[in-house]
Amino acid sequence: MTQLHIEGEVQSPKAFGFTELRLLADQIEDVSQLIPGREGSAVRLQALLEQVRPMQTATYITLESTDGKFSASVPLEAVQEGIIAYRFNDVALPEKKGGPYRFFIPNVSECQVGEVDACANVKFLGRICLSHEKGRDVRPTSPQSHEEHHQKPGHEHLG
Ligand SMILES: Nc1nc2c(c(=O)[nH]1)N[C@H]1C(S)=C(S)[C@@H](COP(=O)(O)O)O[C@H]1N2
Ligand SMILES: [Mo]
């Protein structure tokens, strides 16, 4: 079963599966209450970070898809409120919703507005890496490359 790995500049790297996430405190039962239009249940990024314990040097968080094709790296400070959707009707979040693990930043601005934007809502999340320097970031940087990005199969804008 796919797991979500958290590593890099942390005291104790860990991998989380559905069961481990289900046991975390402070579950968000209905993501739509936090992010209109989005479905499922989630855990807070903070709950995961509490378990892996980031080092003081960790200032960036890199969110990478399981297939390694997509990656976004943003200041850790800016995604304190980040959540990971992983459950829908009490089973694993389906792939068509970006599952089994999908990152969401509440109240985030649209694509390409500043360093933290909706493009950093990484689907099929497989690895979270904390670091001092900014990590790999393949988010499209121009309106044109963004348009092309969403033209690829499976990357239609869903909202
Ligand atoms: N794994 C993965 N996650 C991704 C992308 C992607 O291509 N692959 N595209 C990003 C971009 S550019 C945007 S705008 C949002 C779109 O999410 P949505 O389709 O749920 O609206 O997903 C982000 N997460
Ligand atoms: Mo985007």
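One-based numbering, in listed order, for ligands and for the atoms of each. Because the structure is a prediction, the values reported are computed rather than measured.
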Seminar exercise, completed: So the atoms of ligand 1 within less than 4.0 Å of a heavy atom of Ala118 turn out to be 13 (C), 15 (C)
For this session: For Lys97 and ligand 1, answer yes if some heavy atom of the residue is under 4.0 Å from a ligand atom, otherwise no.
Result: no
Exercise. Which is closest to atom 12 (S) of ligand 1 in terms of heavy atoms, His146, Lys96, Lys69?
Worked result: His146
Problem set entry | Arg102 and Tyr86, any side-chain heavy atoms less than 4.5 Å apart | no
For this session: Before giving the answer on ring-ring contact (aromatic ring centres under 6.0 Å, His included), spell out for Phe124 and Tyr101 the whole-Å C-alpha distance, their side-chain angles and the decisive distance to 0.1 Å.
Result: CA-CA 5 Å; Phe124 332 121; Tyr101 312 113; over 10 Å; no
Exercise. Does a donor on one side chain sit under 3.5 Å from an acceptor on the other, for Gln144 and Glu148?
Worked result: yes
For this session: Please state whether Arg38 comes within less than 4.0 angstrom of ligand 1, counting heavy atoms only.
Result: yes
For this session: Determine whether more than 12 heavy atoms belonging to other residues, nucleotides or ligands lie under 6.0 Å from atom CD of Gln46.
Result: yes
For this session: Check if His150 has a non-hydrogen atom at a distance under 4.0 Å from any atom of ligand 1.
Result: yes
Exercise. Without hydrogens or angle criteria, can the side chains of Gln27 and Arg87 be said to hold a donor-acceptor pair below 3.5 Å?
Worked result: yes
Problem set entry | Among Lys152, Glu64, Lys123, closest by any non-hydrogen atom to atom 19 (O) of ligand 1 | Lys123
Exercise. Counting from 1, what ligand 1 atoms have a heavy atom of Phe124 closer than 4.0 Å?
Worked result: 1 (N)
Exercise. Taking atom 11 (C) of ligand 1 as the point of reference, which of Gly68, Cys119, Gly126 owns the nearest heavy atom?
Worked result: Cys119
Problem set entry | Among Arg102, His149, Arg139, Glu110, closest by any non-hydrogen atom to atom 16 (C) of ligand 1 | Arg102
Exercise. Does Glu29 CD have over 12 foreign heavy atoms under 6.0 Å away?
Worked result: yes
Problem set entry | Over 12 foreign heavy atoms within 6.0 Å of CG, Asn107 | no
For this session: Check each atom of ligand 1 against the heavy atoms of Asn121 and keep those under 4.0 Å away; list them by number with element.
Result: 22 (O), 23 (C), 24 (N)
For this session: Identify, by atom number and element, the atoms of ligand 1 in contact range of Val122, meaning under 4.0 Å from any of its heavy atoms.
Result: 3 (N), 24 (N)
Problem set entry | Pair Thr57, Glu9: side-chain N/O donor-acceptor within cut-off below 3.5 Å | yes
Exercise. In terms of atom number and element, which parts of ligand 1 are under 4.0 angstrom from non-hydrogen atoms of Ser65?
Worked result: 1 (N)
